[in-house]
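Please read the structure below before turning to the comments.
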Amino acid sequence: MTATLAIYQLSKSFATRSGPLLVLDDISMRVESNEFVCLVGSSGCGKSTLLNIVAGLEEPTAGEVLLAGHPVEGPGADRGMVFQNYTLYPWLTVRGNVEFGLKLRRVGVAERRERVDRYIEIVGLTRFADSLPRALSGGMKQRAAIARAMVNEPQILLLDEPFGALDCQTKETLQEFLYSVVCRSGITVLMITHDVEEAVFLADRIYAMSARPGRIAREIEVPLGRERSLACKRTPRFQQIEQQIRDLLRSHSPLAEEAQ
Ligand SMILES: Nc1ncnc2c1ncn2[C@@H]1O[C@H](COP(=O)(O)OP(=O)(O)OP(=O)(O)O)[C@@H](O)[C@H]1O
């Protein structure tokens, strides 16, 4: 069910009125099977562009993306996506949203019902299965979005700032929730965020990106094991790793690069 993601020498330019805009430059990285990897970087460094290429929504200008050894050539159910802004269909209930991809893929009624119920339960929304998105809080909407991505049992979960629009407290609750779901399911995850504390809390490994054009500035192991709770954010070890990444991002920010 889970797979390794490998990105080789990937570059991306967009055509603009003033000529080609190089957004990603020679990115090589890996996410091993069952690993949780975060990509951090300042706004505009190309994180979403990179994730969209992995999702098959954008084409790279050069380089290659392999999932389980197969080239990514377009969108597919082997990758589950969750975006920052709630992308639930407003006219469908939680159940309808979670079921949507399975229906498209013509999964039989009995299996569909079993999987939908199971994933709605995993995200703690059983009582709200028949509610429309407008009746849900922001945190509940994102839990539904996570269920919708996971119900297809993808090989990798791609998360684009999934908690970016939530208040601090809800965000922390969902970080803890996501962490436990990922640890229990053993799914491979690539998540982008500009929240360094979030990345250190969730990731086994972090890639820090430089400002545009985005390049991999550093790869950082997070040696905190997989028994994490929110309390670990207050430990000196955690704060030291967080500070190291903040310093690194600052030294690669557009302002620091202009000053050189
Ligand atoms: N289709 C496009 N055409 C032209 N430029 C684009 C296009 N998509 C993105 N860009 C530019 O590419 C750069 C990187 O954008 P991207 O959204 O990937 O960055 P990001 O790191 O995800 O930023 P943020 O954290 O603010 O979401 C930006 O300067 C953006 O304006």
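Small disclaimer: the values here were computed from a predicted structure and weren't measured. Numbering of ligands and ligand atoms starts at 1, following listing order. Along the sequence shown, the residues carry numbers beginning at 1.
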For residues 147-204, pull every pair meeting ring-ring contact (aromatic ring centres under 6.0 Å, His included), keeping only residues two or more places apart or in separate chains. Y179-F201
Heavy-atom nearest neighbour of atom 20 (P) of ligand 1 within options S13, G164, G214, G44: G44
Could you name the option among S42, P213, S48 that has the heavy atom nearest to atom 17 (O) of ligand 1? S48
Please say whether [X] places an N or O atom under 3.5 Å from an N or O atom belonging to ligand 1.
{"X": "T16", "answer": "no"}
{"X": "C45", "answer": "yes"}
{"X": "S43", "answer": "yes"}
{"X": "I192", "answer": "no"}
{"X": "T49", "answer": "yes"}
{"X": "F14", "answer": "no"}

Using 4.0 Å as the upper bound for N to carboxylate O, is an ion pair formed by D204 and R226? yes
Does E176 come within less than 4.0 Å of K233, counting only side-chain N to carboxylate O? no
Going hydrophobic residue to hydrophobic residue with side-chain gaps under 4.5 angstrom, can you get from V98 over to F100? no
Do L88 and M81 sit in one hydrophobic cluster, given that two such residues count as connected whenever their side-chain heavy atoms are within less than 4.5 Å of each other, even indirectly? no
Might you check, step by step, whether the distance between atom 30 (C) of ligand 1 and some protein heavy atom is under 4.0 Å? no
Considering non-hydrogen atoms of the protein only, which is the closest contact for [atom], and what is the distance?
{"atom": "atom 19 (O) of ligand 1", "answer": "G46 N, 3.3 Å"}
{"atom": "atom 12 (O) of ligand 1", "answer": "V23 CG2, 3.3 Å"}
{"atom": "atom 25 (O) of ligand 1", "answer": "K47 NZ, 2.9 Å"}

Looking only at heavy atoms, which two atoms of R228 and V200 are closest? And how far apart? NH1-O, 3.1 Å
Got a sec, which pairs hit salt bridge (charged side-chain N to carboxylate O under 4.0 Å, His left out) with one end in residues 60-83, sequence neighbours left out? none
Give a yes or no on whether the backbone of Q169 and the side-chain of T173 come within a donor-acceptor separation of less than 3.5 Å. yes
